[in-house]
Amino acid sequence: MPQLFRRIVAATALMLITAGSLAPLGAAAQDKGAPAAPAAAPAAPAAPAAPAAPEVQKVSVENPYGFVALIKTGGPVSLATLIIMGIMSMGSWYIIFVKLWEQRQMMQEGKDVSATFWKSASIEEGAKKLKDGSAYRFVVESGLEANASHQGALTQNIDKNTWVGMGVQRALDAVNSRSQEGLSFLATVGSTAPFVGLFGTVWGIFKALTDIGIAGQASIDKVAGPVGEALIMTAIGLAVAVPAVMGYNWLIRRNKAMMDQVRGFGANVHAVLIGRRP
């Protein structure tokens with residue numbers, strides 16, 4: 001029995017010793033077999049700062065081929081051509097506005113005649129109601145003057161109807177002539193302005209060819225300036241001529257309608273002067 005007990009104790013001790021010696025080996029084996037923990041990931045590099053937006057600077061570049069350059073660099077011939085077309089343009093616009101104002105005034109007077117003149121007791125009284133210096137008053141006064149002058153020995157061989165009619169007709173012709181003033185200038189500008197601009201164009205091309213001959217080469221900087229000057233001259237000539245032609249046609253049409261009113265008024269005045277009793 002004691003011997004059995006000693007064997008059990010010895011076996012137990014052997015097992016404990018064996019387990020103690022194997023435990024470090026197992027842990028070492030376990031440590032050896034397990035993959036090593038990955039090293040910490042390196043920190044992400046900081047994002048580069050956004051570059052500052054470049055400051056935009058507005059640089060005004062002078063156009064070497066524009067209208068301003070034409071004035072600065074143009075020769076005496078080019079400047080004289082520009083001045084002539086400028087005078088033609090200003091004169092055309094002045095005449096257009098002035099004639100429109102005059103025609104509007106006369107048409108308004110024609111409307112007032114029916115409300116004032118023909119309701120008067122006599123033709124002399126009606127003449128005093130008309131505006132001083134107006135075409136209608138001028139026609140009436142001319143008729144009265146012709147009627148009063150038909151009493152001398154020189155006019156006794158001419159009947160009163162013909163004599164007064166000639167006086168009224170002369171007044172109408174004078175009014176018509178006055179209404180046509182300035183229109184001939186518009187017609188002249190409309191017909192000549194394109195040719196003045198064409199002259200500037202021809203001179204610009206001549207200047208371009210001269211610059212090419214002096215430089216010895218047909219580079220774009222030698223040709224662009226004079227050719228641009230030539231094209232500008234053509235455009236200015238057309239810009240001056242077109243309003244003059246359109247204004248002339250418009251004023252002629254309005255002038256015809258206005259003179260029809262004045263002629264009708266003159267015919268009525270003639271009839272009243274002939275038909276009234278002495």
Indicate yes or no for a side-chain donor-acceptor contact from [X] to the backbone of [Y] under 3.5 Å, with no hydrogens or angles considered.
X: Gln103; Y: Leu251; answer: yes
X: Ser149; Y: Ala146; answer: yes
X: Ser177; Y: Asp173; answer: no
X: Lys129; Y: Val113; answer: no
X: Thr81; Y: Val77; answer: yes

Does [X] [atom1] have over 12 foreign heavy atoms under 6.0 Å away?
X: Met166; atom1: CE; answer: yes
X: Trp118; atom1: CH2; answer: yes
X: Gln105; atom1: CD; answer: yes
X: Lys128; atom1: NZ; answer: no

Could you state the interatomic distance from [atom1] ([X]) to [atom2] ([Y]), rounded to the nearest 0.5 Å?
X: Ile87; Y: Ser89; atom1: CD1; atom2: OG; result: 11.0 Å
X: Ile95; Y: Tyr248; atom1: CD1; atom2: OH; result: 12.0 Å
X: Arg263; Y: Leu172; atom1: CZ; atom2: CG; result: 7.0 Å
X: Lys99; Y: Ser179; atom1: NZ; atom2: OG; result: 6.0 Å
X: Trp250; Y: Leu100; atom1: CH2; atom2: CG; result: 4.5 Å
X: Met106; Y: Met259; atom1: CE; atom2: CE; result: 6.5 Å

Might you point out which heavy atoms bring [X] and [Y] nearest each other, and give the distance in Å?
X: Ser120; Y: Gly126; value: OG-CA, 3.2 Å
X: Asn161; Y: Ile274; value: CA-CD1, 3.5 Å
X: Gly190; Y: Ala244; value: N-CB, 3.8 Å
X: Met233; Y: Met85; value: SD-CE, 3.9 Å
X: Leu273; Y: Leu144; value: CD2-CD2, 3.7 Å
X: Glu109; Y: Lys131; value: OE2-CD, 3.7 Å

Less than 4.5 Å apart, side chain to side chain, heavy atoms only: is that true for [X] and [Y]?
X: Glu102; Y: Arg178; value: no
X: Val196; Y: Ile236; value: no
X: Arg253; Y: Asn249; value: no

State plainly whether one hydrophobic cluster holds both [X] and [Y], where clusters connect Ile, Leu, Val, Met, Phe, Trp and Tyr through side-chain heavy atoms under 4.5 angstrom apart.
X: Leu198; Y: Val189; value: no
X: Trp93; Y: Val98; value: yes
X: Leu82; Y: Trp203; value: no
X: Phe195; Y: Ile84; value: no
X: Leu238; Y: Val245; value: no

Please name the residue in the list Thr116, Leu130, Val175 that meets the side chain to side chain contact (heavy atoms under 4.5 Å, CB included) test with Tyr136.
->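 Passing option: Leu130.
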What's the verdict on side chain to side chain contact (heavy atoms under 4.5 Å, CB included) for Phe117 and Ile123, showing C-alpha distance, side-chain angles and the deciding distance?
-> CA-CA 8 Å; Phe117 181 81; Ile123 193 170; 3.6 Å; yes
